[in-house]
Amino acid sequence: MHDLRWIRDHAAEFDRGLARRGLPPAVDRILTLDRAWRAAETRVQEAQARRNRLAREIGAAKKRGDPVELLLRQSNEDKDTETSAGAEATRLRSEIDDILTGLPNLPAAEVPDGPDETANRVLYHHGEPPRFDFTPLSHEAIGERLGMMDFARAGKLSGSRFVLLRGALARLERALGQFMLDLHTTEFGYSEVSPPLLVRDEAVFGTGQLPKFAEDLFRTTDGYWLVPTAEVPLTNLVAGELLDESALPLRLTAWTPCFRSEAGAAGKDTRGMIRQHQFEKVELVSITRPEDSAAEHERMTACAQEVLKRLGLAYRVVVLSTGDMGFAAQKTYDIEVWLPGQGTYREISSCSNCGAFQAQRMKARYRPAGGKGTLPVHTLNGSGLAIGRTLIAILENFQRHNGTVVIPAVLRSYMGEQEAIEPAG
RNA sequence: GGAGGGGUGGCCGAGUGGUUGAAGGCGCACGCCUGGAAAGUGUGUAGACGGUGAUGAAUCGUCUCGCGGGUUCGAAUCCCGCCCCCUCCGCCA
């Protein structure tokens, strides 16, 4: 959510930012409401100030035994003013908040402008896509041939966009989660968290999925939301808190299932396990001082890339254009892994710097050391990595002609020192 | 689910109708002490919002003792509703 005071002082810049997002100007409306709200607020406060003074005078007069009729009548007049102006102030303020909570974060200056993903800019590549002396199969073909990836049974249980893994593939999923968590905690300073997967409205509002994107989420009958990403619980850990500067940066990681209704994705990626209602992911979240978030964003993206480097997977890093960024992000890097079965790069991680946007929604602040006052923290989140898609990448990149799949060396200690996945006997 | 207890400042913890925005402690900041540090000691130390103003100097005002409403001239203190936490019982992975 945007800081109203910042908008007052940067009106043109604000509308320019919205325009880069393809949105109409909003400042005129906001500032008109803001002026009316402040005027009403002032009237309320003046009436309150008078009433406070009268209350003291009435107390003193009663003690002396003086008549208080006149004072009481004045006090009641002020109370009427307070009530009517107060109602108006509340109405105006909630209208302002409704507008503010529906507007996305403004893009950082260096983010490329464009209407959609076609304007994303590839920054660099790492690694060479493998060459095959046979036609590489898609991951679902490999998985089904191994007898370890079962869409039919999953469909029986749950319908489309679910999968069931067995044997070595189930273990591979677990190995990937372990490997990623161990890397981030022991080498990159993230501390491991095992968070709730059902959260309340406020948490999902804080990270920006609510109120606009409720249709992308699953909701329980008693009002909980299933987390679409561990970003929600991890980031909201600091909601409402006033942190010491010495506590920053805070680096958190969690391996959790993620639940997404994929309401707007009808017909997209219907084959295979690219896009599921439920998938595993290791998430990275950083809470930083404002001046550190840009560097932290680079660091976080590097941490995510390191997973792919150690697995030996080719990838490229893309900076998303203004038209492709998420609601809360001011800048996003996507990491795309090479998938031989599709002959293309596909997103496997998305690392975003949300600046103060989420912090303002969830009222997460810190106190600068020595200084006075408080500032909103900056929040960042990134996949490190999406486990389901990493599993896909391993199957497609390390498949062999005979239908077996080589297990990357760094995973073997988690796989009972197996070197390859063989068809189920 | 049943019964009971409780939610106060960055943290702990007093406070049951009137200068209590709130005692005390911890923490923190600055000073004294010290060769330096610890200990000791002194002083200071909430946030949000609005007004004025050179826009975060200063100053005035309002709000905030879980949230929302009510009683009252006046509420952290009384009443109602809601949320959350804890204890015991029941149930249970």
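Here is the naming used below: chain letters follow the sequence lines, and residue numbers restart at 1 for every chain.
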Categorize A:W6 for me: base, sugar-phosphate, or nothing, with a 4.0 angstrom heavy-atom threshold over every strand shown. nothing
Phosphate OP1/OP2 of B:rG61: any A:R50 side-chain N/O under 4.0 Å: no
Whole angstrom value for the distance that separates C1' of B:rG47 from CD of A:E241: 15 Å
Are A:V199 and A:N236 close enough that some pair of their side-chain heavy atoms sits under 4.5 Å apart? no
Distance in angstrom units between A:Q48 CD and B:rG74 C1', rounded: 14 Å
Verify the contact: side-chain N or O of A:R51 to OP1 or OP2 of B:rG74, cut-off strictly under 4.0 Å; return yes or no. yes
Using the P atom in both, what is the distance from B:rU45 to B:rA22, to the nearest Å? 10 Å
Hits for salt bridge (charged side-chain N to carboxylate O under 4.0 Å, His left out) against A:R16, two or more places apart or cross-chain, chain-then-number order -> none
Let me know the distance between CD of A:E82 and P of B:rC63, rounded to the nearest Å. 8 Å
Those residues at least two apart in sequence (or on a different chain) that pass ring-ring contact (aromatic ring centres under 6.0 Å, His included) with A:H378 are none
By the 4.0 Å heavy-atom rule, please label A:L4 as base, sugar-phosphate, or nothing. nothing
Should B:rA3 form a Watson-Crick or G-U wobble pair with both distances under 3.5 Å, which nucleotide is its partner? B:rU87
Base partner of B:rC67, which must satisfy Watson-Crick or wobble distances under 3.5 Å: B:rG81
Would you please test A:E296 and A:R251 for salt bridge (Lys or Arg N to Asp or Glu O under 4.0 Å) and show each step? CA-CA 10 Å; A:E296 184 72 11; A:R251 298 193 174 107; 2.7 Å; yes
Presence of A:T374 side-chain N/O under 4.0 Å of B:rA48 phosphate oxygens OP1/OP2: yes
Counting only side-chain heavy atoms from C-beta out, which of B:rG50, B:rG47, B:rG56 sits nearest to A:R38? B:rG50
Working for side chain to side chain contact (heavy atoms under 4.5 Å, CB included), residues A:R219 and A:L226: CA-CA 6 Å; A:R219 192 168 202 218; A:L226 275 69; over 6 Å; no
C1' atom, B:rC63 versus B:rA75: distance in rounded Å? 14 Å
Output one line per pair: protein atom, nucleotide atom from nucleotides 75-84 of chain B, and distance, for all N/O pairs under 3.5 Å.
residue : atom : partner : partner atom : Å
B:rC84  : OP1  : A:R200  : NH2          : 3.0

Both distances below 3.5 Å, Watson-Crick or wobble geometry, any strand: find the nucleotide opposite B:rA58. B:rU52
What pairs with A:E41 under side-chain contact (heavy atoms from CB on, under 4.5 Å), at least two apart in sequence or on another chain? A:W37, A:Q45, A:A89
Complement of B:rG17, any strand, by Watson-Crick or G-U distances under 3.5 angstrom: none
Applying the 3.5 Å cut-off to both distances, the Watson-Crick or G-U partner of B:rG74 turns out to be none
For the pair made of NE2 in A:H10 and P in B:rG56, what is the distance, rounded to whole Å? 11 Å
What orientation do A:Y333 and A:H297 show, parallel under 30°, tilted 30 to 60°, or perpendicular over 60°? parallel
Run the side-chain contact (heavy atoms from CB on, under 4.5 Å) test against A:R43 and tell me which residues pass, sequence neighbours left out. A:A40, A:A85, A:E88
Base-pairing mate for B:rC26 - Watson-Crick or G-U, with both contacts under 3.5 Å: B:rG10
Using the P atom as the point on both nucleotides, what is the distance between B:rC79 and B:rG24, in whole Å? 29 Å
To the nearest Å, how far apart are A:R43 CZ and B:rG61 C1'? 16 Å
Figure out the CG/C1' separation between A:L243 and B:rA46, and round it to whole Å. 16 Å
Contacts of A:R20 that satisfy salt bridge (charged side-chain N to carboxylate O under 4.0 Å, His left out) - sequence neighbours left out: A:D113
Go nucleotide by nucleotide along RNA chain B from the 5' end; which of A:E46 and A:R8 gets its closest nucleotide reached first? A:R8
A:L248 CG - B:rG10 C1' separation (whole Å): 14 Å
Presence of A:R367 side-chain N/O under 4.0 Å of B:rG47 phosphate oxygens OP1/OP2: yes
Side chain of A:R365 only, please: which of B:rG61, B:rG47, B:rG50 is the nearest? B:rG47
Between B:rG27 and B:rC11, how far apart are the two C1' atoms, rounded to whole Å? 7 Å
Rounded to whole Å, how long is the line connecting atom CG of A:L375 with atom C1' of B:rG10? 16 Å
Distance between P atoms of B:rA23 and B:rG44 (Å, rounded): 12 Å
Distance between C1' atoms of B:rG7 and B:rC67 (Å, rounded): 11 Å
If each of A:L242 and A:E41 is mapped to the nucleotide of RNA chain B with the nearest heavy atom, which maps nearer the 5' terminus, i.e. the 5' end? A:L242
Which value, in whole Å, describes the distance between the P atoms of nucleotides B:rG61 and B:rG21? 14 Å
Could you check whether the rings of A:F188 and A:H184 sit parallel, tilted or perpendicular, using 30° and 60° as the cut-offs? tilted
Nucleotide opposite B:rU41 in a Watson-Crick or G-U pair, distances under 3.5 Å: B:rG31
Return the pairing partner of B:rG36 with a 3.5 Å limit on both distances, Watson-Crick or G-U wobble; otherwise return none. none
For B:rA57 and B:rG47, measure between their P atoms and round to the nearest Å. 13 Å
